[in-house]
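Data block below; observations after.
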Amino acid sequence: RAPATFERGFRRGSRAGGRAATPEPKACTGGAAHNPRVSDSEIHLRQVLAAMAGPAARPRADQTAAVAALVEQRARVLVVQATGWGKSAVYWAATSALRAAGKGPTLIVSPLLALMRDQVDAAAQAGLRAATVNSTNIEDWDLAFDDIAADRLDALLVSPERLGNAGFARRLPGLLS
């Protein structure tokens, strides 16, 4: 199944058959927590945005749709947007909503080591616990895997080459299944 795509300049939809991959976002005004038309995924997105960007921050329509696709439809989602658009808010909000629903940690593949460090800080700002596993912190891997096993991590950021390593992949059965 092809991922839903949210890309600047393109209509949101699946690659197969041109059908919309996600429903239209629900209208929201004012108190999201008290509006029955607002989904749990949008409430989590609003909370994450407020924590990361301040209480006046509002979700973009495609952020709302992407989080809903991840959380409510359990779809694969590809978000292609410019720096500063709020892609990290999408995966932190989805992680927050899924963890609140009792799901396991989120696996995030990130090719930039400096961005990984920034994302761990952003996760903490959003009220989530995250760790990284990459070629520069091999001494921290056991602690990260222990934290996953003990359900102390909400997200694990890994470099792409880690997923190509069979030994590493065997250590992530709960995240890769």
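- Leu113 is listed as a side-chain neighbour of Met116, based on a closest heavy-atom distance under 4.5 Å.
- The distance from the CZ atom of Arg162 to the OG atom of Ser110 is 14.0 Å, given to the nearest 0.5 Å.
- What you find for Ala69 and Val77 is that their closest heavy atoms are CB-CG2, 3.7 Å.
- Shortest non-hydrogen contact noted between Ala94 and Leu70 is CB-CD1, 3.8 Å.
- The hydrophobic cluster containing Trp85 also contains Leu49, counting ILVMFWY residues as joined when their side-chain heavy atoms lie under 4.5 angstrom apart, directly or transitively.
- When atom types are taken as modelled, the side chain of Asp154 and the backbone of Arg129 share a donor-acceptor pair closer than 3.5 angstrom.
- With rounding to the nearest 0.5 angstrom, the CG atom of Leu156 is 8.0 Å from the OG1 atom of Thr132.
- A donor-acceptor contact shorter than 3.5 Å links the side chain of Arg58 to the backbone of Pro55.
- When the side chains of ILVMFWY residues are joined at heavy-atom separations under 4.5 Å, either directly or via intervening members, Phe145 and Val109 end up in a single hydrophobic cluster.
- Asn137 places no side-chain N or O within donor-acceptor distance of the main-chain N or O of Asp140, the cut-off being under 3.5 Å.
- Leu128 and Val71 end up in different hydrophobic clusters when Ile, Leu, Val, Met, Phe, Trp and Tyr side chains are linked at under 4.5 Å.
- Interatomic distance, Lys87 NZ to Asp62 CG, rounded to the nearest 0.5 Å: 12.5 Å.
- We find the CH2-CD1 distance between Trp141 and Ile138 to be 5.0 Å, quoted to the nearest 0.5 Å.
- A donor-acceptor pair under 3.5 Å is absent between the side-chain atoms of Gln119 and the main chain of Leu157, judged by distance alone.
- Residues Leu107 and Leu163 meet the side-chain proximity criterion, which asks for heavy atoms closer than 4.5 Å.
- The minimum heavy-atom distance between Leu45 and Ala93, with the atom names listed, is CA-CB, 3.4 Å.
- Looking at every heavy atom in both residues, Val133 comes nearest to Ala144 through CG2-CB, 4.0 Å.
- In plain terms, the two heavy atoms of Ala130 and Val120 that are nearest each other are O-CG1, 3.6 Å.
- Within the 4.5 Å cutoff, no side-chain heavy atoms of Asp40 are placed close to those of Glu72.
- Of the inter-residue distances, the one linking Arg46 atom CZ with Gln63 atom CD reads 11.0 Å to the nearest 0.5 angstrom.
- With a 4.5 Å cut-off on side-chain heavy atoms, Arg99 and Pro105 count as touching.
- Using a 4.5 Å cut-off between side-chain heavy atoms of Ile, Leu, Val, Met, Phe, Trp and Tyr, with links allowed through other members, Ile148 and Val158 fall into the same hydrophobic cluster.
- A distance of 5.0 Å separates OG1 in Thr95 from CD1 in Ile108, rounded to the nearest 0.5 Å.
- Contact record, Ala68 with Ser41: CA-OG, 3.6 Å, taken as the closest heavy-atom pair.
- The closest donor-acceptor contact from the side chain of Ser96 to the backbone of Trp92 lies at 3.5 Å or more, if one exists at all.
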